[in-house]
Amino acid sequence: MIRVLLADDQVLIRAGFRALIEAEDSIEVVGEAADGRQAVALAVEHVPDVVLLDIQMPVMDGIEATRRIAADPRLAGVHVMILTNYGVDEYVFQALKAGAAGFLLKDSDPDDLLHGIRVVARGDALLSPDITRRLIGEFVARPQLSLPTGDLDVLTERERETVALVGRGLSNEEIAAHLVVSPFTAKTHVSRAMTKLGARDRAQLVVMAYESGLVTARR
């Protein structure tokens with residue numbers, strides 16, 4: 001059973017997500033938060049597998065809430081999935097830097113939401129390639145670089161190539177096809193790169209790929 005915490009200041013949105021999730025036998029809602037501070041407190045109380053977290057909330061915004069959840073050792077197994085309105089939110093990239101495992105558009109199809117919850121819950125933090133290309137491309141071309149390119153020197157050439165492909169939104173299967181290796185080998189390259197760079201999950205690996213200049217946004 002996948003345990004989910006909902007965090008959104010709009011009651012109707014929470015109700016809609018709850019109704020959708022509770023229709024699934026393998027997913028349950030363990031709590032609802034109306035602001036970021038409450039989301040952090042409920043995350044500590046319930047330790048859910050996934051927190052569906054809106055960015056724009058009162059008291060404490062979603063970015064700070066994400067940062068606190070990601071930094072709390074008691075919540076090491078908790079994965080934050082950001083909910084956003086494409087073309088409205090200006091903080092998606094910062095949320096990923098804060099430790100979010102990925103993000104979904106609020107107008108996503110129900111099946112995409114449920115799939116996203118399952119993917120994030122198992123720790124893959126696999127961002128949809130289409131959403132990655134659309135949203136990351138909007139936010140990465142900003143002069144807020146903090147990761148020196150030299151940090152990538154710890155990677156092998158194949159690992160660097162793998163990180164670049166992750167940054168472009170490719171799944172493990174697509175990376176495997178591109179590199180002409182097995183999906184298991186591709187996943188191993190991704191995992192080793194994450195470990196060497198200290199990335200919490202795949203989403204932060206995407207951020208590092210852009211911040212280091214290994215991948216650039218295509219306009």
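Being a predicted model, the structure only gives us computed values, none of them experimental.
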Check the pair Asp54 / Lys106 against side-chain contact (heavy atoms from CB on, under 4.5 Å), numbers first and verdict last.
CA-CA 9 Å; Asp54 187 23; Lys106 285 188 176 181; 3.3 Å; yes
How far does CZ of Arg192 sit from CG of Leu197, to the nearest 0.5 angstrom?
14.0 Å
Looking only at heavy atoms, the pair that brings Ala43 and Pro48 closest together is O-CD, 3.6 Å
Closest approach of Gly99 to Ala70 (non-hydrogen atoms, all atoms of both residues)
CA-CB, 4.0 Å
Set of residues satisfying side chain to side chain donor-acceptor pair (under 3.5 Å) with respect to Arg3, sequence neighbours excluded
none
Taking the side chain as everything from C-beta on, heavy atoms only, tell me whether Val50 gets closer than 4.5 Å to Ile27.
no
Taking the side chain as every heavy atom from C-beta outward, state whether Phe17 and Leu83 have any pair of such atoms under 4.5 Å apart.
yes
Heavy-atom closest contact (Gly36 atom, Ala65 atom, distance):
O-CB, 3.8 Å
Find out if a path of hydrophobic residues (ILVMFWY) with successive side-chain heavy-atom gaps under 4.5 Å connects Met60 to Val44.
yes
Among residues at least two apart in sequence or on other chains, which ones pass side-chain contact (heavy atoms from CB on, under 4.5 Å) with Ala7?
Ala33, Ala39, Leu53, Met57
Would you confirm whether Asp8, through its side chain, and Gln10, through its main-chain N or O, come within 3.5 Å as a donor-acceptor pair?
yes
Not counting sequence neighbours, which residues clear side-chain contact (heavy atoms from CB on, under 4.5 Å) with Pro58? List them please.
Asp9, Asp35
Under the salt bridge (charged side-chain N to carboxylate O under 4.0 Å, His left out) test, residues paired with Asp72 that sit two or more places apart:
Arg74
Set of residues satisfying side chain to side chain donor-acceptor pair (under 3.5 Å) with respect to Glu24, sequence neighbours excluded
Arg118
Do Ile55 and Asp61 pass the side-chain contact (heavy atoms from CB on, under 4.5 Å) test, and can you show the C-alpha distance, the side-chain angles, and the key distance before you say yes or no?
CA-CA 6 Å; Ile55 288 182; Asp61 64 29; 5.5 Å; no
Going through the checks in order, is the side-chain contact (heavy atoms from CB on, under 4.5 Å) test met by Leu214 and Arg160?
CA-CA 8 Å; Leu214 191 60; Arg160 285 172 63 94; 3.9 Å; yes
Does any non-hydrogen side-chain atom of Val29 lie less than 4.5 Å from one of Glu22?
yes
Could you work out, with side chain to side chain donor-acceptor pair (under 3.5 Å) as the rule, every residue matching Ser191, not counting sequence neighbours?
none
Sorted by chain and residue number, the side chain to side chain donor-acceptor pair (under 3.5 Å) partners of Thr188 (sequence neighbours excluded) come out as none
I'd like to know if Ile13 and Val30 are part of one continuous hydrophobic network [Ile/Leu/Val/Met/Phe/Trp/Tyr, side-chain heavy atoms within less than 4.5 Å].
no
Can you tell me which residue among Thr156, Asp153, Leu152, Val163 is in a side chain to side chain contact (heavy atoms under 4.5 Å, CB included) with Lys196?
Thr156
With sequence neighbours excluded, give me every side-chain hydrogen bond (donor to acceptor under 3.5 Å, both in side chains) pair touching residues 39-52.
none
Holding to side-chain contact (heavy atoms from CB on, under 4.5 Å), I want the full list of residues that pass it with Leu20, two or more places apart in sequence or in another chain.
Pro110, Leu113, Leu114
Give the cluster check for Leu205 versus Val154: same hydrophobic cluster or not, with ILVMFWY residues linked at side-chain heavy-atom distances below 4.5 Å.
yes
State the CD-CE distance between Glu159 and Met194, to the nearest 0.5 angstrom.
12.5 Å
Non-neighbouring partners of Glu161 that pass salt bridge (charged side-chain N to carboxylate O under 4.0 Å, His left out), sequence neighbours left out:
Arg158
Indicate the atoms forming the closest heavy-atom contact of Ile175 with Ala186, along with that distance.
CG2-CB, 4.0 Å
Residues in salt bridge (charged side-chain N to carboxylate O under 4.0 Å, His left out) contact with Glu32, at least two apart in sequence or another chain:
Arg14, Arg18
Would Leu179 and Thr185 count as a side-chain contact (heavy atoms from CB on, under 4.5 Å) if you check the C-alpha gap in whole Å, the side-chain angles of each, and the deciding distance to 0.1 Å?
CA-CA 10 Å; Leu179 299 179; Thr185 298; over 6 Å; no
Applying salt bridge (charged side-chain N to carboxylate O under 4.0 Å, His left out), name anything that partners Arg37, two or more places apart in sequence or on another chain.
none
